[in-house]
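Below, read A as the first sequence line, B as the second, and so on, with proteins coming before strands; counting in each chain starts at 1. Every value quoted in this text rests on a predicted model; they were computed, and no experiment measured them.
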Amino acid sequence: MHWHATHGRHDLPWQTMGTRPDPYPVWVSEIMLQQTRVDTVIPYFQRFMARFPDISSLARADEDEVLALWSGLGYYGRARNLHAAARLIAQRHGGRFPYDHAAIQQLPGIGRSTAAAIGAFAFARRRAVLDGNVKRVLARVFGVAGWPGDRVVEARLWQLAESLLPRSGIRAYTQGIMDLGALLCTRTQPRCDVCPFAAECVAHREGRYRTLPGPRPGKALPEKTTAMLVMTHGGRVMLEKRPRSGIWGGLWSLPEHPAGEDMVHAAMHQGFQVLTCEPLPHVVHGFTHLRLHIRPWLVAVSRPTGIATPARVWLPLRALHDTALPAPVRRILAALAVSGGEASARDAA
DNA sequence: AAGACGGGGAC
DNA sequence: GTCCCAGTCTT
């Protein structure tokens with residue numbers, strides 16, 4: 001806590017509040033910060049808060065607009081859960097963010113650690129957080145070997161985290177241990193020379209900072225190839241709404257087809273007359289659990305005869321920015337919009 | 001208990 | 001290229 005007072009982070013956008021902070025920005029930031037670095041989150045947080053300044057405005061919003069503001073941030077279930085939780089708070093909690101730890105953790109998208117973080121920062125509730133930073137600090141200081149994702153290792157880390165909580169000053173403590181992990185006790189180049197725990201840290205004393213915490217067990221990354229249809233007509237491109245579950249759930253994306261299928265046939269099968277059909281440069285997109293090879297096909301079609309459904313939309317290429325697109329799809333379409341004078345010219349022809 | 005779920009920055 | 005981040009939910 002002493003270290004945090006002088007060396008911690010005090011100017012993050014969601015910290016600009018007094019001793020009785022609004023739980024809403026705390027909540028939004030904590031959800032965005034799940035598995036996502038501070039520097040990545042900041043611009044998303046600013047945009048989100050400008051558009052949805054309070055729980056009520058978020059509860060009234062369309063899910064599509066919430067997802068559009070989340071586009072590029074990843075783990076889109078976070079956005080769907082955030083939105084659902086806002087509506088739930090409006091209905092079941094009278095529009096007030098719940099105070100009780102159990103009630104907070106009951107909300108969709110909020111687990112044990114996030115509930116503790118919100119409770120600590122917003123209400124000074126005394127519960128332990130256990131995020132990637134805290135896991136790293138504890139594993140090193142106390143010499144907890146093994147991968148933190150392992151159930152036994154994680155249980156030990158939770159036990160440590162709970163046992164270390166101060167009687168008072170939970171905000172400074174929670175922010176402090178996170179900041180220590182993020183700023184000093186970093187993964188590869190920890191600053192043990194200026195760390196307040198160097199004298200008592202097992203990893204430092206025994207020269208084990210490289211192996212603590214233990215790495216995730218290696219696993220071969222599955223590869224998958226898919227073709228995507230970039231159907232254009234009059235400077236617009238056709239998008240489909242993806243199912244709510246699964247990858248890119250609820251986002252707008254290009255129609256997928258098994259690689260190797262005849263794309264002209266695929267486009268015609270959707271009810272279009274194909275004018276031209278040509279391959280675009282193929283894109284490799286890495287997930288944590290999958291490597292996806294995308295083969296986009298640019299298909300100019302004549303007047304769309306396909307039935308208009310809510311799950312299908314013709315989007316002007318200029319309107320990409322406020323649409324909820326997966327990152328690789330955004331890149332494919334952005335490249336098209338730039339070099340894309342010719343595409344529209346061909347469409348016009 | 002394990003897998004699904006994004007994207008990007010650091011090395 | 002590899003690792004992993006202010007984790008949670010589903011199976």
Side-chain angles (χ1 to χ4, degrees), chain A residues 8-9 12-15 26-45 67 70-82 84-85 104-121 128-137 139 147-155 157-158 161 174-183 185-190 210 213-222 224 242-251 253 283-292 324-331:
Chain A
R9 296 177 287 193
L12 297 170
W14 43 89
Q15 291 178 324
V26 175
W27 171 37
V28 172
S29 66
E30 287 302 332
I31 300 301
M32 288 188 170
L33 286 162
Q34 288 170 355
Q35 296 289 285
T36 310
R37 291 169 204 281
V38 166
D39 289 341
T40 303
V41 163
I42 288 175
Y44 285 88
F45 176 81
L67 283 171
W70 213 272
S71 174
L73 200 52
Y75 285 137
Y76 299 96
R78 295 184 296 175
R80 296 194 302 272
N81 284 332
L82 187 73
I104 295 176
Q105 193 174 336
Q106 205 84 6
L107 295 170
I110 300 181
R112 181 174 174 182
S113 185
T114 301
I118 297 172
F121 293 138
V129 300
L130 191 63
D131 59 27
N133 289 316
V134 177
K135 285 175 180 171
R136 197 167 50 251
V137 170
W147 176 51
D150 181 271
R151 199 179 62 80
V152 177
V153 177
E154 192 178 26
L157 292 173
W158 271 116
T174 303
Q175 189 64 52
I177 194 167
M178 287 178 167
D179 288 354
L180 192 75
L183 302 177
C185 198
T186 53
R187 193 164 68 88
T188 53
Q189 299 279 332
R210 272 179 201 290
R216 165 193 288 269
K219 200 163 288 185
L221 203 61
K224 191 186 157 193
R242 295 186 61 91
R244 293 175 61 81
S245 69
I247 214 142
W248 300 327
L251 270 65
S253 187
V283 176
V284 182
H285 188 68
F287 297 94
T288 305
H289 57 294
L290 171 72
R291 187 194 307 278
L292 183 64
L325 304 169
V329 171
R330 181 176 299 284
R331 272 194 284 271

*Nucleotide pairing, DNA chain C (Watson-Crick or G-U, distances under 3.5 Å), in dot-bracket with [ ] and |*: |||||.|||||

*Main-chain N/O of A:Ile247 paired to A:Arg242 side chain as donor or acceptor, under 3.5 Å*: yes

_Rounded distance (Å) that lies between atom C1' of B:dC5 and atom CH2 of A:Trp70_ = 13 Å

*Report the distance from atom CD1 of A:Ile118 to atom OG of A:Ser29, rounding to the nearest 0.5 Å.*
8.0 Å

*Any donor and acceptor pair, going by atom type alone, linking the side chain of A:Arg112 with main-chain N or O of A:Gln105 inside 3.5 Å?*
no

*Just checking A:Ile118: base, sugar-phosphate only, or nothing, at a heavy-atom cut-off of under 4.0 Å?*
nothing

*Euclidean distance for P, B:dG9 against C:dT8 (whole angstrom)*: 23 Å

*Can you name the side chain to side chain contact (heavy atoms under 4.5 Å, CB included) partners of A:Asp179, sequence neighbours left out?*
A:Trp3, A:His4, A:Arg9, A:Gln175, A:Leu183

*On DNA chain C, check which nucleotide each of A:Gly109 and A:Val38 is closest to and give me the residue with the more 5' one.*
A:Val38

*For atom CH2 of A:Trp147 and atom C1' of C:dC5, their distance in whole Å*: 14 Å

_A:Arg331 side-chain N/O to A:Val283 backbone N/O, donor-acceptor pair under 3.5 Å_ = no

*Taking the P atom of each, how far is C:dC9 from B:dG8, in whole Å?*
24 Å

*Write down the distance between CD1 (A:Ile104) and P (C:dT8), rounded to a whole number of angstrom.*
13 Å

*Separation of A:Leu82 atom CG from C:dT8 atom P, in whole Å?*
13 Å

*Just by modelled atom types, is the A:Gln34 backbone N or O under 3.5 Å from a matching donor or acceptor in the A:Thr36 side chain?*
yes

*Starting at CD of A:Gln106 and ending at P of C:dC9, how long is that distance when rounded to a whole Å?*
10 Å

*Let me know the distance between CG of A:Leu221 and P of B:dC5, rounded to the nearest Å.*
13 Å

*Pick base, sugar-phosphate or nothing for A:Gln175, based on heavy-atom distances below 4.0 Å to the nucleic acid.*
base

*For A:Pro328 and A:Trp248, which heavy atoms make the closest approach, and how far apart are they?*
CG-CZ2, 3.6 Å

*asked:* Has A:Arg136 got a side-chain atom pairing as donor or acceptor with A:Cys185's backbone, closer than 3.5 angstrom?
replied: yes

*Expressed in angstrom and rounded to an integer, what is the separation of A:Ile110 atom CD1 from C:dC9 atom C1'?*
13 Å

*Integer-rounded Å distance: B:dA4 P and A:Leu292 CG*: 14 Å

*Base, sugar-phosphate alone, or nothing: which one does A:Arg330 contact when heavy atoms must sit under 4.0 Å apart?*
nothing

*Report, as a single string ordered 5' to 3', how protein heavy atoms within less than 4.0 Å touch nucleotides 6-11 of chain B: B base, S sugar-phosphate only, - not at all.*
BBBB-S

_Closest-nucleotide mapping onto DNA chain C: is A:Ser29 or A:Pro108 further toward the 5' terminus? I mean the 5' end._
A:Ser29

*In Å, rounded to the nearest 0.5 Å, how long is the span from OH of A:Tyr75 to CZ of A:Arg80?*
13.0 Å

_Distance alone, cut at 3.5 Å: any donor-acceptor contact between the side chains of A:Arg78 and A:Asn81?_
no

